[in-house]
Amino acid sequence: MEKYIIHGGVRLEGSVKISGSKNAALPIFAATLLTDEEVILKNVPQLSDTQTMTLLLRSLGKKVSWDTGSPGRVIIQPELKAGLVVNTKASYEIVKRMRASICVLGPLLTRYSKAEVSLPGGCAFGPRPVDLHISGLRALGADVKLIHGNIVAEAKGLLKNSATGLRRLRGGHVPVMQGRISSVLATDNILSAAVLAEGETCIENAAREPETEDLVNFLKHIGAEITQEIEDPHKEDLFHEGKSISIQRLRVKGVSKLHGGEYTIIPDRIEAGSFMSFAAITGGKLLIQNCEPKHLHAVIQIFEELGLSIQQKSSNELLVKTAGKRLKRLKRLKGIEVSTGPYPLFPTDMQALLMAVAVLAEGDTILEESIYSSRFNHVGELERLGASITLEGNKAYIHGVSALEGARVMASDLRAGAALVAASLAASGKSELRRVYHIKRGYENLLGKLKKLGAKIVLEDG
Ligand code: EPZ
């Protein structure tokens with residue numbers, strides 16, 4: 001079993017290039033099932049999750065080729081001639097590895113009139129229900145049943161697709177997320193199903209994460225007709241400053257066929273935020289390149305409140321540095337109060353990374369997790385490094401300590417793993433971080449990027 005060996009106490013310095021977004025790439029990969037024409041995706045991160053999605057698409061009849069001559073460039077073509085797919089079933093063996101496999105459900109159902117996707121299990125931070133996916137597809141006329149741990153869906157619309165002769169879903173009003181936290185992948189599934197449905201679909205309170213916006217832009221690029229309606233335009237300015245959610249509905253006019261095209265995936269905002277954490281916790285100075293600052297307003301605000309200096313150097317570069325000149329003179333970051341929320345608020349995927357930094361901040365930091373019921377598995381492992389954290393319900397009270405000491409720790413999920421990397425980089429002495437496979441799911445070449453910044457980190461097997 002692979003593990004990272006980290007000798008902490010080194011300030012990270014230099015520049016790092018952010019990779020394409022995992023959470024944008026996965027639903028866009030799935031959406032290529034909607035067309036029989038060639039799609040070329042660029043800036044795709046090479047991760048175990050995008051490799052799993054490659055296997056899944058191949059099992060469904062797509063030919064997926066990663067261009068070895070041009071990193072991040074992926075060519076996706078139908079295996080057979082147009083219109084035929086060998087398989088509309090996403091197997092448990094693949095889905096159990098990656099919950100995001102569920103985003104093939106909507107595309108398969110609307111393109112081939114049927115789909116069977118194994119129910120994704122829970123994950124390290126509690127149950128991950130899929131009721132919104134199911135009720136959203138039912139609102140489009142799908143017959144959806146749970147049979148032996150599988151979601152079995154069929155299009156029951158009376159009309160047939162003129163291009164394929166297959167029964168279509170029927171467009172309609174989808175209120176399932178009204179008054180709730182909008183679900184990112186449920187939005188993606190319902191949207192992907194609607195683009196080939198008969199008639200018009202209106203999706204209330206659709207997710208507005210940049211990754212879903214990237215899917216909308218990709219679908220429009222291959223011929224889908226999607227418009228965005230904002231419920232309260234007065235909130236839009238605050239939304240774009242990262243200060244307030246703003247409810248949107250997506251209106252989709254179903255078409256019978258989509259074409260191919262070439263599309264570049266957006267940068268990964270969570271990877272960019274993770275490197276801000278690595279800089280903050282080691283008292284370092286990083287130029288974060290190939291990022292998208294407009295996706296990071298809430299993250300930047302919080303890190304500035306913690307005492308980081310963050311300057312935008314160009315349209316896709318942020319210079320991040322701590323006030324302290326050297327690690328031991330790191331000006332103690334001050335504690336703050338933060339709650340995670342739907343975009344553009346502080347992202348749940350950054351909660352563990354922020355907690356790691358807060359552990360060494362002056363005073364107390366209060367972190368509220370409002371998206372998931374129990375996303376605190378990293379707390380126990382941070383405590384093994386010397387952190388002092390109290391949990392009460394969905395709140396974590398982090399009592400700043402002056403130093404951390406290396407220890408043996410274990411990643412429980414992707415972002416918990418990244419938080420333990422951050423804390424180990426600041427801890428004195430040697431840390432061993434096991435189960436790095438979690439980290440490899442969502443960070444492209446993290447080891448190489450950290451080594452280039454001066455981190456003393458190696459990968460060991462055993
Ligand atoms: C996406 O997961 C991301 N994953 C997650 O990132 C991210 O944490 C999450 O969105 C929230 O931003 C991918 O994009 C691959 P949700 P998703 O449906 O879509 C509840 C990472 O680290 N819910 O937006 O599965 C759910 O329990 C991963 O990269 C229902 O109740 O999350 C949660 O409380 C981790 N019913 C809330 O909605 C449903 O049918 C938001 O979950 C679906 C979700």
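Numbering of ligands and ligand atoms starts at 1, following listing order.
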Check your understanding: Can you say whether the rings of His221 and Tyr263 are parallel (under 30°), tilted (30 to 60°) or perpendicular (over 60°)?
Key -> tilted
Check your understanding: Salt bridge between Glu200 and Arg249, side-chain N to carboxylate O under 4.0 Å?
Key -> no
Exercise for review: Find all atoms of ligand 1 within a distance of less than 4.0 Å from any non-hydrogen atom belonging to Ala100, and give their numbers and elements.
Suggested key: 15 (C)
Point to revise | Residue, atom name and distance, where the atom is the protein heavy atom closest to atom 8 (O) of ligand 1 | key: Asp349 OD1, 2.6 Å
Practice item. Starting from atom 3 (C) of ligand 1, locate the nearest protein heavy atom and write down its residue, its atom name and how far away it is, to 0.1 Å. Key: Asn23 ND2, 3.7 Å
Revision key, fill the gap. When rounded to the nearest 0.5 Å, the distance separating CD1 of Ile230 from CZ of Phe239 is 7.0 Å
Check your understanding: Thinking salt bridges, do Lys22 and Asp349 make one under a 4.0 Å N-O criterion?
Key -> no
Review point. Looking at Lys22, which atoms of ligand 1 are within less than 4.0 Å of one of its heavy atoms?
Key: 21 (C), 29 (O)
Check your understanding: Taking both backbone and side-chain atoms of Leu414, is any N or O found less than 3.5 Å from an N or O belonging to ligand 1?
Key -> no
Which atom pairs, one a donor and one an acceptor, fall under 3.5 Å between side chains of residues 388-396 and the rest of the protein, sequence neighbours left out?
unit_1: Thr390; atom_1: OG1; unit_2: His399; atom_2: NE2; d: 2.7
unit_1: Asn394; atom_1: ND2; unit_2: Glu369; atom_2: O; d: 3.2

Practice item. Specify the protein heavy atom at minimum distance from atom 17 (P) of ligand 1: its residue, its atom name, and the distance to 0.1 Å. Key: Arg128 NH2, 3.8 Å
Check your understanding: Does Arg375 come within less than 4.0 angstrom of ligand 1, counting non-hydrogen atoms of the residue?
Key -> yes
Point to revise | Residue part near ligand 1, for Ile371, under 4.0 Å between non-hydrogen atoms | key: both
Check your understanding: Can you find an N or O of Ile181 that's nearer than 3.5 Å to an N or O of ligand 1?
Key -> no
Check your understanding: Is the shortest distance from a Lys or Arg side-chain nitrogen in Glu79 or Lys63 to a carboxylate oxygen in the other one below 4.0 Å?
Key -> no
**Study point:** Shortest protein heavy-atom distance from atom 22 (O) of ligand 1, along with the residue and atom involved
**Key:** Arg415 NE, 3.0 Å
Review point. Mind checking whether Thr348 has an N or O less than 3.5 Å away from an N or O of ligand 1?
Key: no
Exercise for review: Report yes if Arg99 has an N/O atom closer than 3.5 Å to an N/O atom of ligand 1; otherwise report no.
Suggested key: yes
Revision key, fill the gap. Atom 11 (C) of ligand 1 sits nearest the protein heavy atom Tyr372 OH, 3.7 Å
Point to revise | Sub-4.0 Å atoms of ligand 1 with respect to non-hydrogen atoms of Val130 | key: 39 (C), 40 (O)
Point to revise | Protein residue, atom and distance nearest to atom 36 (N) of ligand 1, heavy-atom basis | key: Asp131 OD1, 2.7 Å
**Study point:** salt bridge (charged side-chain N to carboxylate O under 4.0 Å, His left out) partner of Glu198, the single match among Arg167, Arg168, Arg170, Lys253
**Key:** Arg168
Review point. Where the side chain of Thr264 meets the backbone of Lys42, is there a donor-acceptor pair that is under 3.5 Å apart?
Key: no
Review point. When you look at NZ of Lys294, are more than 12 heavy atoms from neighbouring residues, nucleotides or ligands closer to it than 6.0 Å?
Key: no
Review point. So which heavy atom in the protein is nearest atom 30 (C) of ligand 1, and how far is it from that ligand atom?
Key: Pro129 CG, 3.5 Å
**Study point:** Contacts of type side chain to side chain contact (heavy atoms under 4.5 Å, CB included), residue Ser244, not counting sequence neighbours
**Key:** Lys235, Leu238
Exercise for review: Give a yes/no verdict on whether any heavy atom in Glu211 is under 4.0 Å from an atom of ligand 1.
Suggested key: no
Exercise for review: For His133, take its heavy atoms, then give the atoms of ligand 1 lying under 4.0 Å from any of them.
Suggested key: 40 (O)
Review point. Would Arg435 and Glu381 pass as an ion pair if we require N to O under 4.0 Å?
Key: no
Check your understanding: Which protein heavy atom lies closest to atom 18 (O) of ligand 1, and at what distance to 0.1 Å?
Key -> Ser183 OG, 2.6 Å
Review point. Roughly how far, to the nearest 0.5 Å, is the CD1 atom of Ile181 from the CD1 atom of Ile371?
Key: 4.0 Å
Point to revise | Geometric N/O contact Leu132 with ligand 1, under 3.5 angstrom | key: yes
**Study point:** Distance in Å, Ile310 CD1 paired with Ile288 CD1, rounded so as to fall on 0.5 Å steps
**Key:** 7.5 Å
Point to revise | Polar atom proximity, Val184 to ligand 1 (N or O, under 3.5 Å) | key: yes
